[in-house]
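Have a look at the structure below before the remarks.
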Amino acid sequence: MGESMKLVRLYSNQPELFKPIVFNDGLSVVLAEIRRDHNGKTVHNLGKSTVARLIDFCLLKGKSPKFFLFKHQDLFANFVFYLELSLDDGTFFTIARDVDATRPVSILTSKQDVPNATELGIESWAHVGLGVSPAKRLLDGLFGFSVISPYDYRDIMGYVLREQDDYGDVFHLRKFRGKHREWKPFLAHLLGFNAELTVDLYDQIDEEERIDQAIAHHQREGGSADNADIGKLEGIIAIRSRELEELQSTLDTFDFSRADAEATEDLVETIEGKIAVANEETYRLSQLQNKLSASLDEDSILFSPNQTEKLFEEAGVAFPGQLKKDFEQLVEFNRAISTERREYLLAERAEVEERLLALGPELEALQHQRARLFDFLEGSDTIEKYKEVSNQVIELRADIASLDRQREALNKIVHLRQEKRQVQERKNQLQTAIEQDVQVQSETPGNRYRYIQQYFDEIIHAVLDEHAVLSVDANSAGTLEFSAEIVDSTGTETSASRGFTFRKLLCIAFDLAVLRTYIGQRFPRFSFHDGVFESLEPRAKRRLIAVLRQYADLGLQPVITTLDSDLPEAISATADSIQSDEVICTLHDDGPEGRLFRTRSF
C-alpha cells in the first residue's frame, strides 16, 4: 500500500493561549457548544473554522494581509504554530511556521511521534529558518505525491480542507479565482484524464490571443486596414521611389529644366483646364439661377372669375353660373400645377446656389495653385527653386517612409496570420484528442474516473436516498467542463443540487470519493469539512455520520466541525451518534476559555 499522509497534532509555542489539538486516526470532530442565549443570532469567532486555516497555514499556504494571523499582527506576532503529520511507513514530519519571521519555516523528520517539538534543541531539526517557497519544494519532495506530478502537494489542499466559503462550487475552489487554466488541468489530472492535452490547449489559446494582439498592434502601427493589399502598396512605393529619384537628380545636377517643364505642363494642361471648367460652370449656373428666379417671379395666375363676371354685367352680356364654375375649376387646376412647378423650381434653385457656394473655394484654391506655379516658372532666383524642389523631396521621403512602415507591418501581419493558422490547426488537433480522451475514460470500466463517479454517487445515495452524477465533457471550444448534479430516476438534474446545503454535500462526497480512489497511492488521507450538518434534516445527518465512519474504517481520516445544535442527537446518546472520544476539541461561547484562542475576540 502506498504511503499516505494523516494529521497527528496541531499546537503552538503558547499552549496557555492555544490548547493543542490531537487528531484521531479515524473520525475527528471539532465541536462548538452554544451555552448562552444570543437572541437567535449566529455565533461567530469561537474558532471551529479557524482550525482548517491553521492546518493550511502550517502546510505553507501563501502569505496574505487578509489572513487572520497577519491581519491581527498585534495578537499573533509571537506565535509559532506546529503541525505534526504521519506517513504509513512510520515517518513523522513536524512543520513549524513562525508568524513574524522573514524565514519562518523549520522541518523536523523523525521515526517516532514527537508530542512537543518546542522542547527540542535546534540541532534536532533537519531544516531550520527556510523561506516559504524553498520549504514548499522540500516538503513536496518529502511527501512524494508522485501520483499528482507534475503538480505539487499544495494543489490538492483545496479539496481536502474545505471551509464554508469553499462549498460554492464542487470543482472551482475559492483559491482558484483566476483563469480556468489555473485549476482545470489539475482537476483533469486528479480525475484520471490526460491533463497535458488541456495544458497544451490553453497554451495554444493564449498563443492565438497573443497573435491577435500582435496583428492589431501592427495594424495600428502601420496605419493599415485588415484587408490592405501588399501588392498594391509595393506598386505605390515603386512609383514614389521613381519620383524621388527624378527630383533628387534635379537637385544633384542643379538642373531645373525638367522641373520647370513639368511645372509648365501641370499649369497649362491641368490647372488652367480646371479653372476654365470651373469658370464655365460658374457662368452657366449663374445664368440658370437668374432664369429660375425670373420664372418664380412670373409664376402667377392673373385670371379672376369674379372680376370677369362683373365686367360682363357692365357690358350687358350674360355670364352663366356653369361657365363661371368651369373657369374656377380651370383656375384651381392651374394653381395646383403652378404650386408643384414652383416647388420644383425652388428645389432646383437651392441646388444651384449650393453648388455655386462650393465652386467659390475650389476656384480660389486653383487660382492660388496657379499663382504658385507662375512664381516658380518666373522666379529668377535659383535658390528659391532649389528650396521648392527640396521640400518636394522631403515630402516624398516622408511618404515613402510611411509606406515602408505599412509594408513592414503588412509583412509581419502576413507571417502572423500564417502562425495563427498553424495554432488553430494545433488547437483543432488538441480539441479532438481531448474529446477522444473523455470518451475513452468515460467508457473504460475500472479506471480512476469511473471509481470516483461510483463512490460519489454511493455517498449521495447513502445520505439522501437519491442519485448523483459527476461528469466531464469537452465543450465546443474543446476545453473541459466539470459538473456534479443530483438527478432523478430519469437522469434529469433536480433543483436540489442548486441549494447551498446540497452543494455542500456534493463537495463532501466529491472530496471523500477522490480520497478513497487514491487509497493505494501516496496521497493525503485526511479531509476537513466545516459545518457538515448545518441545514440537513436529522435522518440525513445520521446517515452522513455513518458514511464518515465507513470511510474512517477504510483508512481515511475525516475531520469535521459542527455546532452542538446541528447534531442529530446528543454526544454518545446512541451508538450511531457522535461519540465523546471522537470529539478532539470542544469550544463554547461562555467566556474566553471556550474560544480556540484564549485572547480577546478578533
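Values below: every heavy atom of this structure, side chains too, minus hydrogens, waters and symmetry copies.
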Report the C-alpha separation of Glu395 and Arg240 in whole Å, then their side-chain angles, then the decisive distance to 0.1 Å, and conclude whether the salt bridge (charged side-chain N to carboxylate O under 4.0 Å, His left out) test is met.
CA-CA 10 Å; Glu395 290 176 5; Arg240 295 286 191 275; over 6 Å; no
Go through Val514 and Tyr159 one step at a time and tell me if the side-chain contact (heavy atoms from CB on, under 4.5 Å) criterion holds.
CA-CA 9 Å; Val514 169; Tyr159 296 105; over 6 Å; no
Check against salt bridge (charged side-chain N to carboxylate O under 4.0 Å, His left out), Arg210 and Glu207:
CA-CA 5 Å; Arg210 182 197 66 79; Glu207 181 66 8; 2.7 Å; yes
I'd like to know whether Arg397 forms a side chain to side chain donor-acceptor pair (under 3.5 Å) with Gln248, so could you lay out the CA-CA distance, the side-chain angles of the two residues, the decisive distance to 0.1 Å, and finally the verdict.
CA-CA 11 Å; Arg397 281 178 176 163; Gln248 189 62 54; 2.8 Å; yes
Checking side-chain contact (heavy atoms from CB on, under 4.5 Å) for the pair Arg522/Ser146: CA distance, chi angles, key distance, verdict?
CA-CA 7 Å; Arg522 193 158 183 167; Ser146 58; 5.6 Å; no
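For Glu408 and Lys412, the salt-bridge test passes: some basic side-chain N is under 4.0 Å from an acidic carboxylate O. The pair Arg162-Asp511 counts as a salt bridge, with a side-chain nitrogen and a carboxylate oxygen less than 4.0 angstrom apart. Residues Arg426 and Glu208 are not paired through a salt bridge, judged by the lack of any N-O separation under 4.0 Å between the basic side chain and the carboxylate. For the pair Arg181 and Asp203, the salt-bridge criterion is met [side-chain N within less than 4.0 Å of a carboxylate O].
Counting non-hydrogen atoms of other residues, nucleotides and ligands closer than 6.0 Å to CD of Glu196 gives a total of 12 or fewer. When the shell of 6.0 Å around CD of Glu364 is examined, it contains 12 or fewer heavy atoms from other residues, nucleotides or ligands. Counting non-hydrogen atoms of neighbouring residues, nucleotides and ligands closer than 6.0 angstrom, the CD atom of Glu443 exceeds 12 such neighbours.
Side-chain atoms of Asp155 come within 3.5 Å of backbone N or O of Asp152 as a donor-acceptor pair. No donor-acceptor pair closer than 3.5 Å links the side chain of Arg448 to the backbone N or O of Gln441. A donor-acceptor pair is defined here as one N or O able to donate and one able to accept, closer than 3.5 Å; such a pair exists between the side chain of Asn411 and the backbone of Arg407.
Screening Glu481, Glu435, Gln431 for a side-chain hydrogen bond (donor to acceptor under 3.5 Å, both in side chains) with Asn475, the sole residue that qualifies is Glu481.
Distance CZ/Phe482 to NE2/His180: 10.0 Å, rounded to 0.5 Å. The distance from the CD atom of Gln392 to the CD1 atom of Ile394 is 10.5 Å, given to the nearest 0.5 Å.
Aromatic ring pairs are classed by plane angle as parallel below 30°, tilted from 30° to 60° and perpendicular above 60°; the pair Phe523 and Tyr518 is parallel. Ring planes of His189 and Tyr151: tilted class, angle from 30 to 60°.
Counting heavy atoms from C-beta outward, Leu138 and Pro134 have side chains that stay 4.5 Å or more apart.
At least one test fails for Arg53 against the ring of Phe67: distance under 6.0 Å to the centre or angle within 45° of the axis.
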